[in-house]
Amino acid sequence: MDRTQYRLRYGVTTSALIALLAISMLMFITTVPQITEAQLPLPPGVPRGDVLVVENHYGTHSDPQNFNYLVPGRPGFGASGFSQVCAGFLWYINTTNSQLISWLAAAPPEYSDDFKTMRVYLRKGITWSDGVPFTADDVVHHIQMIMRTKGMQGNTIFARWVDRVYKEDDYTVVFELKEPNPRFHYFLTVIIYGAPYQAITPKHVWEKVDDPLKFKFYPPVCLGPYTLRSVDPGGNWFLWERNEEWWGTKLYGMKPAPKYVLFMHHGPEDKKALAMARHELDAIRTFLPENFEIVWKNNPYIGGWRKEPPFAWPFDPCVKGVAFNVLKEPFNIREVRLALRHAINFKEIYEAFRGPDGSLPTTSALPVVRTPVAEELYYKPLMDKLIQMGLDPETMWWKYDPQLAEQYMMQAGFKRGPDGKWQLPNGEKFVVRITAPSGFEMESQRIAFLVADQWRRFGVEVVVEPVEAGVFSSRWQRGEFEVGAFWPGCSMLADLTPHIQWWNSKYFDPQAPNVGWANYDFPKRPELNRIIDEMERLSPEDPRVVELARQALLIWAEETPWLGFFPTPFYTINDNYVWTNWPSYPDNYYMDPVYWWAQMLFIILQLKPTGNVETKEATQPGKPPVLPIEKPERPMEKPRETPTTPMPGAATVTVTVVRTVEKAVTETVVRTTAVTETVREVETVTDFTVAGAIGVVLLIVGLAVGYLIRGRRT
Amino acid sequence: MIIRYFFVRIVYFFLTLFTAFTITYILIRLMPVDAVENIIAQMTAQGQVYDPAALNELRQQLREMFGLTGSPIEQYMRYLISIFTLNFGPSILSFPTPATELIMRQLPWTIGLLTFSVIISWVAGNLIGIIASVHEGSRVSKILQAIALTIYPIPYYIMALVLIFLFAYLIPLFPLTGSVTIFEEFTIDTVISIVRGATLPALSIIIVSMLGWWFLSSRILTLNTLSEDFVEYAVIRGLPWKHIFRKYLMKNILLPQVTALGLALGSIFSGAILTEAVFAYPGLGLLLYRAIANGDISTALGIVTLSIYAVALATLILDLIYPLIDPRVRYK
Amino acid sequence: MSGYPETVMEVDRLRGGYIQQRGDTQVYVDAVSSVSFRVYRDEVLGIAGESGCGKSTLVKILYGLVKYPLIVREGSVFIDGGDGKIDLTKVDDDYKKRHVWWRIISYIPQNSMSVLNPLQKIKDHFAENLRIHMGIDKAQAYRRAVDYLLDMGLQEDVIDAYPHQLSGGMRQRVVIALALLMKPRVVLADEPTTGLDVIVQRGVLQNLLENQKRFKSSLVLVSHDIGIHAMVTNRLIIMYAGKLVEIGNTNDIISDPKHPYTEALIESLPKLGDKSLRKGLGGQPPDLRSPPKGCRFHPRCPFVMDICRSREPPPIEINGNRVVSCWLYK
C-alpha cells in the first residue's frame with residue numbers, strides 16, 4: 001500500500017472521527033436544557049427559587065474548611081457568609097442613621113459614671129444551632145480566651161482595656177476596664193464590616209480546645225438564622241441552610257425567606273457580570289462601570305442603592321484621594337501641599353467618575369463622608385470657615401486656582417525652571433512619585449492617574465507607580481512613599497472619635513509611620529492632641545464631642561495632610577428577578593446595600609420571593625428584625641444609659657428604624673406560609689450521561705473498525 | 001559502566017535540586033511584600049474602628065508568630081531541612097494551618113485537570129501535526145495549518161473568555177465556574193459534576209497548547225524526518241508507506257516529543273494560574289499567586305519546591321530511560 | 001563471454017531534468033539529454049563525468065525514482081519485467097514498489113553513511129525487506145536475514161549493531177549487502193566509495209565485484225573518479241553536460257580516448273612516474289537551463305569547428321564497441 005492509498009485511508013478515518021464528534025455535540029446540545037439550577041452547586045432537587053446567591057468577594061479561599069476567623073490573616077468572614085448568616089453579635093450600627101441596634105444584647109450598654117465599668121444585658125432564650133443555650137458564660141469565655149491567647153485577633157485590644165470580665169448572672173456580663181473608656185462597647189459593635197473578635201464564640205465548643213489558634217471550628221456552630229450545609233473544597237463557595245429551630249423564629253417570629261444562601265465566587269468580574277445577567281447572582285459588592293453596563297443592558301430586574309438609576313451607593317465609608325507623606329520633603333511644607341491642592345481642577349476628576357447610569361460620587365472635602373448626618377453635623381456648620389480657607393461652594397471642594405497655587409509654591413521657595421517645570425529651592429527638578437494600587441481598588445488607580453495629569457499641567461513632573469496589593473499595603477504602612485492613592489480618612493459614626501483618634505501623636509508607631517500625620521509637627525499640634533484627648537474622655541453622645549470634632553477638622557483643613565475627593569461610587573447591584581424587597585433609598589431605606597458586611601443579616605431577614613421561579617421550601621419573610629429593648633427591672637446606682645433617641649442637632653435627617661419598646665415582648669408569633677408548587681424534575685444529569693455514553697461508545701467502535709480495516713492490509 | 005551512567009545522572013539530579021532550591025529561596029525572600037503589614041492593612045482597609053496602640057502590639061505578635069525572625073542563615077538552614085521533611089511550617093494565608101495541608105488540598109485538582117489536558121493536547125497536537133505534515137500540500141494540511149496559525153496567537157485569556165461566553169453563557173452546556181460539585185455524597189453524579197466543571201478549563205488548555213506548541217513542533221519534526229536520507233532510502237527499498245510511517249517516522253518523531261511530554265508533565269505542579277482564575281477552578285496556580293501576593297513564604301516555597309522536585313525528577317527519569325529507547329545514546 | 005551478451009536494460013533517447021520554480025516562472029534544467037545505451041548481463045558498466053554532468057540524475061531515472069521537481073520528458077527505460085518488456089518511465093510508483101524495486105533493480109544511493117535507520121539494528125533492515133518482499137513471518141525473516149549476512153561475510157556483532165556503532169566502510173558493506181538481498185538483475189551504485197579512505201575504498205569495490213560475479217548481476221557504477229573505473233568496470237560511459245559523449249570498453253577509452261572531452265579527462269589523471277604538471281580544461285560546464293547551441297562542449301573544445309556551434313553531433317559508431325558524439329568522427 002503506498003502513500004496515496006494511505007492518504008485515502010487516513011482521510012476516511014479522520015472524517016469518520018469528525019462526524020462522530022459532530023454527532024456527539026449535537027446530542028449534547030439537544031439534550032441539555034437551559035435551566036440555571038444545573039449550574040449552581042446545590043443539593044439535588046433544590047430549585048433556584050430557594051436560594052439566595054451572594055458574591056464571595058474575597059475570591060478563592062485557600063483553607064475553606066476553616067471557620068476560625070480569630071486568627072489574623074484569615075480572609076474576611078463576610079466573604080464566606082459567616083458574619084452575615086451564622087455569627088452572633090452583641091450590637092450593630094444601622095448604617096443609615098448611626099443608631100445602635102441591640103441584638104444579642106438586650107439593651108444598649110450601661111456605663112458607670114466614671115466609665116470604668118460596663119454592664120451588658122443579654123437576651124434570654126437564645127440558643128446555639130446545636131441546641132445549647134446562649135448565656136453570659138459564652139461572652140465571658142469568649143473575652144477571656146481572646147485575652148489569654150497571644151496573636152489572636154482582638155487580643156491586643158482586650159488585653160489593653162479589660163481588667164476583669166465576669167458574669168453577674170446568666171444574662172448579665174460586667175466588664176471592669178483598666179482605664180475609663182466611654183466607647184469601649186464599640187469594640188463589640190459591628191460598625192463597618194464587623195470584626196472577627198466581635199462574633200461571640202460558643203464556650204461549650206471552644207473550652208475543649210487546646211490551642212485556639214489551631215482550632216478550625218469546622219463545622220461552625222451558629223447563632224444566626226443559617227447553618228453550614230456544604231463548603232467547596234476548592235474554596236469558591238459556601239452553602240448555608242436555614243435553621244428551622246432558630247431562636248429568632250421561636251422567640252420573635254423572624255424567619256428568612258430563602259431556604260439556602262450561597263456565597264459564591266464566579267471568577268473574574270467579567271464572569272460575575274455574566275452570572276448576574278443570567279440571574280445566577282443576586283447581590284454583588286461592586287462592579288467596575290464597564291461590567292455594570294453589561295449587567296444593566298442585559299438584566300432589567302436590577303436595583304442598587306436606589307431602585308432606579310442612578311444605582312451607585314455613594315456612601316462607602318472611606319474617602320478616596322491621594323495622601324502626602326508629610327514626614328518627607330518637600331511634602332512636609334504646608335505651602336507645597338496647599339499649592340498642589342489648588343492646582344487640581346476638581347470638576348474634571350468628579351466628572352470622570354460619573355457612571356453610565358448617571359451615578360455621581362459624594363464630594364467630601366473633609367475626612368468625613370458627606371452623608372446627610374455628616375452634612376448637618378459638620379459640613380454645614382463649618383461651611384463659612386471652609387470657604388474662607390479656599391473651599392469652592394459650587395463644587396464643595398477646594399477651588400481650582402492655579403494662580404493661588406503658583407503663589408503658594410513661590411512662598412515655599414520653588415521656582416519655575418527654563419522649561420516651565422517646577423524646581424525645588426535647591427534647583428533640582430520637582431518630581432512627584434505617586435504609588436497607586438494595581439489589580440484591586442482600580443478606582444484609586446484612576447484617581448492617581450487623573451491627579452498626575454492635573455499636576456503635570458501645572459508644571460510638576462509626576463510618575464505613577466501601580467503596585468500589587470502586597471506591596472501597596474507594605475509601602476503605605478511603612479511610609480515608604482512620597483504620595484500615595486491611599487485612604488486615611490474613613491468614617492461611619494456620627495461620633496468621629498474612633499475615626500480620628502489616630503491623629504494624636506501618642507498613637508504614632510515609628511515602625512509603621514503610615515502617612516505620618518500623627519507625628520507631623522506643626523504649630524497647632526499640641527492643640528490637636530489636646531482636642532483628641534478630651535474627645536476620648538467624653539461619652540459618645542455628649543454634644544461636646546461634635547464641637548471638638550469640628551475644631552479638629554478645621555485644624556486638619558488648615559494643614560491638609562492629604563487630599564480626599566469622595567468615596568468612589570460602589571455599584572452594589574442586586575437582582576430582583578428571584579428576590580425582592582432589597583433596601584432602597586429613599587422609599588425602603590432600612591439599611592445600606594452592604595451585602596458583604598455583617599449588617600446584611602437585616603437585609604436577608606426581609607427579602608421576599610418574587611414567584612418568578614420555582615420554589616420549594618422558600619417562604620415569605622417573618623417579622624421584621626426589630627427586637628425590643630429588654631432591661632431587667634432592678635435597683636442600681638444611677639446607671640448611665642445610652643439613649644436610643646437621635647443625637648441632638650440631627651433630628652431632621654434620620655430615618656428611624658429602631659423602635660424603642662419599654663416592655664419586653666414575650667409572645668412569639670409564628671407565621672407559616674404553605675408554598676405548594678410543583679417542581680419540575682430536572683433530569684439534566686441523566687440525559688447528559690446517556691448522550692455522553694453513546695458518544696464515547698460510537699467513538700470506540702469507529703476507531704476499532706478503522707483499525708481492523710487497516711490491519712487487514714499488511 | 002551502566003552503573004557509572006546512573007550514578008552520574010543521580011549526582012546531577014541532586015546538584016540541580018540544590019541549585020534550584022537555593023535560587024528560588026533567595027528570590028522569594030527578596031520579595032518586597034511584608035505579610036504582617038499586609039494583614040494589618042487588610043484589617044484596617046475597610047475603615048473599621050481600631051485601637052492604634054493595640055494595632056502596634058499586634059504587629060509584634062504577628063512577627064513572632066509567623067517566624068519572620070532569626071538571621072537569614074538560620075532561616076536558610078531551616079528551609080533546607082524542610083525540603084526533605086516536606087514540612088514548610090505553618091502557612092500565613094491560613095495560619096496556623098500547615099502550608100503542606102493547603103497544598104495537598106489543591107493538588108488533586110491540579111493533577112487531575114492538567115495531567116488530562118497535557119496528555120490530550122499532546123496526543124491531539126501530535127496527531128494533527130503529523131497528519132498535516134505527511135500530507136503536506138494537500139487541502140487538509142492547508143486547512144489545519146490555517147487553523148493553527150489563527151488560533152496560536154490568540155492570548156489564552158481571550159480564548160478562555162470566548163469559550164465561557166460561547167459554551168457557558170450563550171449555549172449553557174457547562175457551568176460558569178469550575179466548582180459546581182457539591183460533595184455531600186460521592187455518587188456518580190458527583191463525578192459527572194466534576195467532569196462538567198472541568199471540561200471548559202481543560203478544553204481551553206487543550207485548544208491552546210494542541211494547536212500551539214505541540215502542533216508546530218510535531219510539524220517541524222515530521223517535515224525534518226521526512227527529508228532524512230534514511231527515510232528516502234526506505235522508500236527506495238520498496239518498503240510500503242505504512243511500514244515507513246511506523247518504523248521510520250513515528251519513532252523518530254515521538255522520541256523528542258515524549259521527552260517534551262515528560263517535562264510538560266513535570267511542570268504541571270506549578271498549576272495553571274490563568275485557567276484557575278478565569279474559571280474559578282481550584283488549583284495550585286492561584287494558591288501560589290495568593291501566597292506570593294500576601295507574602296506567605298511558607299506556602300510559596302512549598303509549591304515551588306514541589307514543582308522543582310517534579311521537573312527535576314521528570315528530567316532524571318527521562319535521562320535514565322532514554323538509553324533504553326534511543327540506541328544512539330546507549331554506549332557513551 | 002560467449003556470443004552476443006544478453007541485454008538486461010535498454011535506455012532509449014532518455015530526456016529528463018528538474019523544474020525550478022522562480023516565483024511565477026518555471027525554468028527547466030535539462031540534466032539528462034537524449035541518452036541512449038544498453039546494459040548487458042554480467043558486466044560492470046561505469047558512468048563517469050564531472051559534478052553536475054547528470055550522472056546521478058540519470059541513475060535516479062533509471063531506477064524509477066522520479067519525484068517532483070525531477071521529471072522525465074521523453075524516452076524510455078526498458079527492462080525485462082518477468083513477463084515481457086516494460087518501460088520503467090511509464091509505470092506508476094505502486095507497480096515499481098511491488099515488482100521492480102529491489103527485486104529486479106537495486107539502488108545504492110550516494111550518501112550511504114546516513115541511509116540506515118539509526119533506531120534499528122542492522123538485522124532489522126534486512127528482516128523488514130525480507131518480510132515485505134517475500135511475505136514471510138517475522139521469525140523466518142530474521143533467521144534468513146542472519147543467514148544471509150553471515151553468508152556475505154559480516155560478523156555477528158555487526159548484525160546486532162546499530163548503524164552509529166559501525167564505521168563508514170562497514171556501513172557501506174551493509175548497504176551493498178542490502179542491495180543484493182533479492183538477487184536483483186541490475187544494481188545501480190551511485191558513488192559508493194565517496195568519503196571513504198583508499199584502503200576501505202578498495203575493500204568496498206572488491207566486495208561489490210565479488211558479489212556481482214557471484215550472482216551474475218549487472219553493476220552500473222557511477223563515479224567521477226576514472227581511477228575506479230579503470231580498476232573495476234568493463235565498459236565506460238562518459239557524460240558531459242547531460243549528454244552521453246562517449247561509450248566503449250573501459251581499457252579502450254582510457255588508452256585511446258576519442259572525444260576531446262574524454263581526452264582532456266584522461267590527460268588530467270596522474271601517471272605513475274610522470275611528475276609533470278597535469279593539464280586541466282579551461283572554462284566551466286554550461287548552465288543547463290539554457291545550454292549552448294549545437295555541441296554542448298564546443299565552448300571549451302580545442303578542436304571546435306563551425307558545425308559544432310550550430311548542430312548537435314549524433315552518436316557515431318566506431319568499430320562496433322565504441323560510440324562517440326563528436327563531429328570530428330563524421
Side-chain angles (χ1 to χ4, degrees), chain A residues 1-3 6-7 10 28-29 32 34 39-43 60 62-63 66 71-73 150-151 156-157 160 186 191-193 195 213-214 230 232-237 265-268 270-271 274-275 280 317-318 468-471 473-474 476-478 490 498 502 507 509 512 685 688-689, chain B residues 32-34 37-41 46-49 51-59 61-62 65 91-97 102 105 109 131 135 140 161 164 169 171-173 175-177 179-184 189 192 240-242 245 277-282 286-287 290 293-295:
Chain A
M1 180 166 63
D2 81 333
R3 228 156 133 174
Y6 196 67
R7 192 183 286 194
Y10 244 106
F28 269 67
I29 296 175
V32 175
Q34 299 193 14
Q39 316 287 20
L40 291 173
L42 297 169
T60 311
S62 338
D63 194 7
N66 189 332
V71 181
K150 270 202 179 305
T156 46
I157 295 177
R160 166 160 150 54
Y186 281 169
I191 304 176
I192 299 175
Y193 193 76
L213 286 177
K214 287 211 170 83
S230 194
D232 172 29
N236 285 315
W237 52 261
H265 169 70
H266 290 80
D270 324 67
K271 279 178 76 185
L274 285 180
E280 275 179 33
C318 293
E468 284 280 333
V471 182
S473 340
S474 280
W476 184 356
Q477 299 297 318
R478 295 216 206 131
C490 297
W502 66 272
Y507 292 119
D509 177 11
V685 167
F688 178 103
T689 337
Chain B
V33 186
D34 187 334
E37 293 306 337
N38 227 37
I39 292 175
I40 304 280
Q46 302 269 357
Q48 288 179 47
V49 168
D51 188 322
L55 218 53
N56 297 335
E57 244 234 76
L58 180 61
R59 251 184 214 104
Q61 282 184 0
L62 289 180
M65 254 172 32
S91 67
I92 296 180
L93 276 180
S94 187
F95 188 84
T97 312
L102 291 189
R105 181 173 297 127
W109 296 95
I131 293 179
H135 301 304
V140 169
L161 282 180
I164 290 177
Y169 184 72
I171 314 169
L173 294 173
L176 270 180
T177 73
S179 325
V180 281
T181 325
I182 181 161
F183 278 95
E184 307 202 314
D189 288 348
I192 291 177
W241 179 241
K242 200 182 84 175
F245 188 79
V278 174
F279 291 97
Y281 193 84
L286 211 53
L287 183 65
R290 270 254 149 73
N294 283 290

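Numbered from 1 within each chain, the chains take letters A, B, ... in sequence-line order.
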key: Ala469(A), part contacting chain B, at a heavy-atom distance under 4.5 Å   = backbone
Which of Ser230(A), Ala512(A), Gly267(A), Pro72(A) touches chain B most, by non-hydrogen pairs under 4.5 Å = Pro72(A)
key: Over all atoms of both residues, closest heavy-atom pair of Asn236(A) and Tyr281(B)   = ND2-N, 4.3 Å
Pick from Val140(B), Ile164(B), Leu161(B) with the largest number of heavy-atom pairs that fall under 4.5 Å of chain A = Ile164(B)
key: Contact origin within Asp270(A) toward chain B - heavy atom pairs under 4.5 Å   = side chain
Closest heavy-atom pair and its distance - Ala277(B), Pro268(A) = O-CD, 3.2 Å
Gap between atom NZ of Lys214(A) and atom CZ of Phe95(B) - 0.5 Å precision = 7.5 Å
inquiry  = Nearest 0.5 Å, please: how far is OG in Ser62(A) from CD1 in Ile92(B)?
reply    = 12.0 Å
query = Quick one: of Leu93(B), Leu102(B), Leu287(B), Val278(B), who has the most non-hydrogen atom pairs under 4.5 Å with chain A?
reply = Val278(B)
request  = Locate the shortest heavy-atom distance separating Ala280(B) from Lys271(A); write the atom from each residue and the value.
outcome  = N-NZ, 4.0 Å
task = Specify the closest pair of heavy atoms between Arg290(B) and Thr60(A), including all atoms of both residues, with the distance to one decimal.
result = NH1-O, 2.8 Å
